[in-house]
Protein chains: 2
Amino acid sequence: MSATITDVARAAGVSPSTVSRALGGGPVNDATRATIVRVAEELGYRPNRAARELITGRTGTIGLLVPDLGNPYFSEIIKGASSRARAGALPIFVSDTDEDVAREREAIASLRATTDGLLLVSPRGSDEELAALAAGGPTVVVNREVPGLPAVISDAASGIAQALQHLGALGHTRVAYVTGPHGSWSDHRRREGLASATGLGIEIVHVPAATPTFHSGVLAADLVLTTGATAVIAFNDLIAIGVLDRLAARGVRVPHDLSVVGHDDIAMASMCSPHLTTIAVPKERMGSMAADMLLRTLDRRGASDDRDPSVLLPSTLIVRDSTGEVKA
Amino acid sequence: MSATITDVARAAGVSPSTVSRALGGGPVNDATRATIVRVAEELGYRPNRAARELITGRTGTIGLLVPDLGNPYFSEIIKGASSRARAGALPIFVSDTDEDVAREREAIASLRATTDGLLLVSPRGSDEELAALAAGGPTVVVNREVPGLPAVISDAASGIAQALQHLGALGHTRVAYVTGPHGSWSDHRRREGLASATGLGIEIVHVPAATPTFHSGVLAADLVLTTGATAVIAFNDLIAIGVLDRLAARGVRVPHDLSVVGHDDIAMASMCSPHLTTIAVPKERMGSMAADMLLRTLDRRGASDDRDPSVLLPSTLIVRDSTGEVKA
DNA sequence: GTGAAAGCGCTAACAA
DNA sequence: TTGTTAGCGCTTTCAC
């Protein structure tokens, strides 16, 4: 067994409470503190988390829930959140929901028990349900807005507007939008962006995709070809890459015959062929910012109840090789 | 505050210890147990983890350390491990090391404190260092063997042999191997596999890659073209996809002019163009098997000390569109 | 089969 | 500034 606070106290010739104060930054004589710190070091003292948690009621960890750990989009958010959490010396619990609402509920409940606060990425549940689940403790939502909860989102409307302007400048007048999953908050926002970008003389046709995956993109590609659109904007890069794949198989040249725009700028977007023009969102920054908001909430727990406002991060169109001038 | 064991005891008219026994599977009168279970349910009783950990010394969680959360190869291992851990009702802590040895040490130490056992994926440290770190508690290593530790690895030699046979059958006699990072255990194994696959009349030339990434693959592609090889086997799919990208840029047709084989079969391998022939390893199964071994170790903690033997999982060549007959 | 009592390691009043 | 006391919620002897 490793050294306990009592061991340190005995070795330093003081009481356990003095050790606790010395190490915890309480009011202690400087000389005493120096001795205690040294002795603790020598003994290799590590405070027992469980004991501390039992009394303080705080676990000293935060939780992060994403729909799918395998999705590179979420990986980057995770990286951002982890590095921020690490900076705050808080271990972070990462879990995924398999894109499933029931698992989401379950995972939130389980994470609550082991953490002081939660980062919820792209949650699937309804606003009401989430509000209820969030009541269990400090919560920050990423990639979605839920009334009453602090959130970090990207500026979908601006990203979409940039893409449409880009396509407009290239002469496109009929653009297909391959949608996200039914009920997706992000998809809703992007549709709004599409609808509000008028005055460019671009007509939008919608093509459904059931899941935000490569396979849905493959499926969608054939549908897109029936619409007469000369360009496609996909809900995300994975779908766009699926579209690319199917187009290549059918002999449709990109961008010569059809332009393709993705969304998110995952790493794969610059590895596929042709390299994908896409609306980049600052994924890592979203993660770190969300973690930051959560940590700040925890710090002032109970102090003031001024909520963090939601944060809107900019989207940027990255032009690569999958978009080009419309051909006669 | 949620209900405590004392609340349940009072409500059920028994002592706390009886509640503890009833819920923990101890010897209790059936009727008593039934009442207690019902009351606990009604009160929404959730045992306090910290209190339990304080007395039992077990955290009820396991840890998983990977080099890079953003690497899809590791994502799948994580998925396998998580689902196994979930089945055992153990939360799992996932963390990454940024491919950095110092961070690895640090992360292991930090995870040790909060978990009952660790899953180490592709650790970078030396055998001695790992053995020392592993001494801190139950440990299972994935993707590498460390003397004295249970491990889960894939059958590199067999995978390489299959690839070489495949290429041989297509008429290739000079094959370039794009290596993994210096000091990588997996890379070492694959080189051994390459060296031992004699009798096929295939000559191997080595082309170095500093990191297992797309960019290293791009870099390596030009080198490969100087070797006179008609086929490439890459350390992993990411490198192979980098090679593909650079070859396309240089107008080298795959597989017409050059065949390319990857390793791992990450999702991206069937999304790139052309679809990548690759040596598939059962990533998810490796993760779940490793978690399984760890959980079993925890269960019999102290009981018998018969160690789990290491497990070797099969590799399988998946032939797609990036390999073809050698052209005159 | 059940209860009483002790204590895991720590922190937080409260005294001194 | 420091020590004493009490107790967080639970499991686990040890009696009964």
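Everything numeric here is computed off the predicted structure, so don't read it as measured data.
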Expressed in angstrom and rounded to an integer, what is the separation of [X] atom [atom1] from [N] atom [atom2]?
X	N	atom1	atom2	result
B:I36	C:dG1	CD1	C1'	11 Å
A:L54	D:dC10	CG	P	9 Å
A:L23	D:dT2	CG	C1'	16 Å
A:I5	D:dA6	CD1	P	19 Å
A:R10	D:dG3	CZ	C1'	16 Å
A:L43	C:dG9	CG	P	14 Å
B:R49	D:dC8	CZ	C1'	14 Å
B:N48	C:dG9	CG	P	17 Å

Would you indicate which nucleotide in [options] comes nearest to any side-chain atom of [X]?
X	options	result
A:I55	C:dA12, D:dG7, C:dG9	D:dG7
B:V14	D:dT11, D:dT2, C:dG3	C:dG3
A:P16	C:dT11, D:dG3, C:dG1	C:dT11

Review point. Quick one: on DNA chain C, does B:D30 or A:R46 contact a more 5' nucleotide (nearest heavy atom)?
Key: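 The residue closer to the strand's 5' end, by nearest nucleotide, is B:D30.
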
Looking only at side chains, do [X] and [Y] share a donor and an acceptor under 3.5 Å apart?
X	Y	value
B:R112	B:T139	yes
B:T18	B:S15	yes
A:R285	A:S154	no

Please check the phosphate of [N] (OP1 and OP2 only) for any side-chain N or O of [X] closer than 4.0 Å.
X	N	answer
A:T56	C:dC10	no
A:S20	C:dA12	no
A:S15	D:dT4	no

Practice item. Answer yes or no: is there an ion pair linking A:R10 with A:D7, defined by an N-O contact shorter than 4.0 Å? Key: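 Yes, A:R10 and A:D7 are salt-bridged.
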
Review point. Quick check: does any side chain N or O of A:D96 sit under 3.5 Å from a backbone N or O of A:L69, one acting as donor and the other as acceptor?
Key: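 A pair under 3.5 Å: yes.
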
Check your understanding: If you take atom types as modelled and just measure distance, does the side chain of A:S17 reach the base of D:dT4 with a donor-acceptor pair under 3.5 Å?
Key ->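 Answer is yes: a donor-acceptor pair is held.
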
**Study point:** Side-chain donor/acceptor contact of B:R21 with base of C:dG3 under 3.5 Å
**Key:**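 Donor-acceptor pair under 3.5 Å: yes.
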
